Amino acid sequence: MKKLFALILSVIICLTFIGCSNNGNTSDSSSSKSVNSGAETNSQNSSDNQSVESANGSSDFDLENGTVKLNSGYEMPILGIGTFRLSDSEAENSVYWALRDGYRLIDTARIYGNETGVGRGIRRAISDGFVTREEIFVTTKMWTSDFDNGAAAIDASLERLGLDYIDLMILHHSQPSNDVQAYQSMEQAVRDGKLKSIGLSNFYEPEDFDRLVNATEITPALLQNETHPYHQSGVMKEHLKQYGTVMESWFPLGGRGNTQTLFNDETISGIAAAHGKTSAQVILRWHLQAGNIAIPGSSNEAHIQENYEIFDFELNSNEMEQMTALERDERFASY
């Protein structure tokens, strides 16, 4: 009887020991699963953060220094002065004031008829010690009537500007009959050291953009299209990501005759009031945070300075969402 009792007691002790051992293993397993779950959660959070960052149009924009790295390897300022519809003398003064106030990006075009004035403004600013040539990023554009003789057009722009090289030259419009030929002349000018970067303007369809890209060698560094809160160029910007091509906005404030439409928009004016800024400053700040290079044009000395004072505030995520919601796919220009 005693032997039987001892045997039963031994079995009970063994079973208890095994149960405890299993409970311990279960606890370890559960603890291990919890750690893995936490790692998965952290990994997911990291993935989500990366997605937000990569989806942000301004992720490649250095808002602190006001520059973006182009796919050509060059740094380009993200805020500049435009000279559309300015006379030679107006362009000279506007460029001079802009460079004095801190701008480093100048935009002109052969068809504007003011490359000579732009060159004079640049030389004045350099002479007065505001900048060096190396600090200035000069953009000009080849007009469609020059596409058949692009090499000569490039040399003519260099001569009118009085420069040894142009930082960025753009084909002014899509023109399938001969724009590939014109672009190839710009590619040769890059190889010759006359141009540093090249790009396109007024290509509004992905298929049209791809048509030229597939027929040439150097990927456009930039696409300059009408872009503003009512026409945000979302489709083209998404398409450009695969090429590392950045969007630059002409008419960033709506253009002459349309600025007040944007300035008086209740959403824009409301955000401006909240920051103690003007509507123009809010729109320009939105451009930079949305990943658009902006080149507002002006011949008004005070407005030129005002447009540059947008690096001392930022729009929060809610305000950016409000601005994005203004999209109407509505262009103000017909060209």
Side-chain angles (χ1 to χ4, degrees), residues 66-147 149-172 182-201 218 220-222 224 246 248 250 293 295 297-299 304:
T67 60
V68 63
K69 185 74 167 288
L70 300 176
N71 62 17
S72 58
Y74 293 98
E75 295 281 347
M76 180 176 182
I78 55 179
L79 180 65
I81 180 76
T83 59
F84 178 51
R85 291 185 178 173
L86 299 187
S87 66
D88 256 331
S89 60
E90 288 174 327
E92 177 183 348
N93 286 331
S94 290
V95 167
Y96 177 80
W97 293 329
L99 293 173
R100 177 200 62 192
D101 292 345
Y103 291 79
R104 294 296 178 261
L105 170 60
I106 310 298
D107 182 271
T108 184
R110 195 279 279 179
I111 198 63
Y112 297 171
N114 58 22
E115 287 177 314
T116 300
V118 167
R120 287 200 301 261
I122 290 171
R123 287 189 292 277
R124 276 177 57 194
I126 293 174
S127 177
D128 286 354
F130 296 136
V131 290
T132 63
R133 169 63 184 100
E134 292 71 27
E135 294 174 312
I136 307 170
F137 194 103
V138 180
T139 300
T140 193
K141 309 175 196 75
M142 186 188 301
W143 187 243
T144 53
S145 62
D146 297 327
F147 283 6
N149 198 351
I154 293 165
D155 288 341
S157 282
L158 283 165
E159 183 176 353
R160 286 189 291 268
L161 287 164
L163 301 176
D164 294 327
Y165 66 89
I166 294 168
D167 297 275
L168 172 67
M169 179 167 267
I170 297 171
L171 292 189
H172 212 141
Y183 193 86
Q184 289 170 335
S185 69
M186 295 199 303
E187 290 180 313
Q188 183 59 50
V190 170
R191 291 188 281 268
D192 294 340
K194 296 178 180 180
L195 308 177
K196 290 192 173 182
S197 302
I198 54 180
L200 304 174
S201 181
I218 300 177
L222 175 147
Q224 188 184 109
V246 299
E248 182 175 39
W250 60 261
I293 298 171
I295 46 171
S298 180
S299 59
I304 291 171

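Predicted model, so just to flag it, every value in this text is computed and none were measured. When a residue number appears, it is its place in the shown sequence, counting from 1.
Here CZ of Phe137 is found 11.0 Å from OG1 of Thr67. Values are rounded to the nearest 0.5 Å. Thr139 OG1 to Ile170 CD1: the interatomic distance, rounded to the nearest 0.5 Å, is 5.5 Å. Distance check: Tyr165 OH to Glu134 CD gives 5.0 Å after rounding to the nearest 0.5 Å. Distance check, rounded to the nearest 0.5 Å: CG of Asp155 to CG of Asn149 gives 9.5 Å. Rounding to the nearest 0.5 angstrom, the gap separating the CD atom in Glu92 from the CD1 atom in Ile122 is 11.0 Å. Rounded to the nearest 0.5 Å, atoms CD1 (Ile111) and CG (Asp146) are 8.0 Å apart.
Here the closest heavy-atom approach between residue Leu171 and residue Ala182 is recorded as CD2-CB, 3.7 Å. Shown here for Pro220 and Asn71, the closest heavy-atom pair between the two residues is O-ND2, 3.1 Å. Here the closest heavy-atom approach between residue Leu99 and residue Arg104 is recorded as O-NH1, 2.9 Å. Between Pro77 and Ile293 the shortest heavy-atom distance is O-CG2, 3.9 Å. Contact between Leu161 and Glu115 at its shortest, heavy atoms only, is CD2-O, 3.4 Å. In terms of heavy-atom proximity, Ser201 sits nearest to Gln224 at OG-O, 2.7 Å.
At a threshold of 4.5 Å between non-hydrogen side-chain atoms, the residues Val118 and Thr140 do not count as touching. Contact annotation: the side chain of Tyr183 approaches that of Leu200 to within less than 4.5 Å [non-hydrogen atoms, C-beta and beyond]. Within the 4.5 Å cutoff, the side chain of Ile126 has heavy atoms near those of the Val131 side chain.
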Show the numbers, then the answer: is there a side-chain contact (heavy atoms from CB on, under 4.5 Å) between Arg100 and Asp128? CA-CA 9 Å; Arg100 177 200 62 192; Asp128 286 354; over 6 Å; no
Would you sort out whether Asn93 and Arg124 count as a side chain to side chain donor-acceptor pair (under 3.5 Å), showing the intermediate values? CA-CA 9 Å; Asn93 286 331; Arg124 276 177 57 194; 3.1 Å; yes
Please evaluate residues Lys194 and Met169 with respect to the criterion side-chain contact (heavy atoms from CB on, under 4.5 Å), reporting the C-alpha separation (whole Å), side-chain torsions for both, the decisive distance (0.1 Å), and the verdict. CA-CA 10 Å; Lys194 296 178 180 180; Met169 179 167 267; over 6 Å; no
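Distance alone, capped at 3.5 Å, places no donor-acceptor pair between the Tyr103 side chain and the Val95 backbone. Although no hydrogens or angles enter the test, the distance criterion places a donor-acceptor pair under 3.5 Å between the side chain of Ser94 and the main chain of Glu90. Within the 3.5 Å criterion, the main-chain N or O of Ile154 finds no donor-acceptor partner in the side chain of Ser157. Looking only at distances, a side-chain donor or acceptor of Asn114 sits under 3.5 Å from a matching main-chain atom of Thr83. Counting only distance, with no hydrogens or angles, the side chain of Glu187 and the backbone of Ile218 share a donor-acceptor pair below 3.5 Å. Looking at Lys141, its side chain does come within 3.5 Å of a backbone N or O of Thr108 through a donor-acceptor pair. Side-chain atoms of Ser197 do not come within 3.5 Å of backbone N or O of Leu168 as any donor-acceptor pair. When atom types are taken as modelled, the side chain of Asp88 and the backbone of Gly117 share a donor-acceptor pair closer than 3.5 angstrom.
Aromatic ring orientation, Tyr112 versus Phe84: tilted (interplanar angle from 30° to 60°).
Counted within 6.0 Å of CD on Gln188, heavy atoms from surrounding residues, nucleotides or ligands total more than 12; the atom is thus considered enclosed.
In this structure, Arg133 pairs ionically with Asp167, as a charged nitrogen and a carboxylate oxygen lie closer than 4.0 Å.
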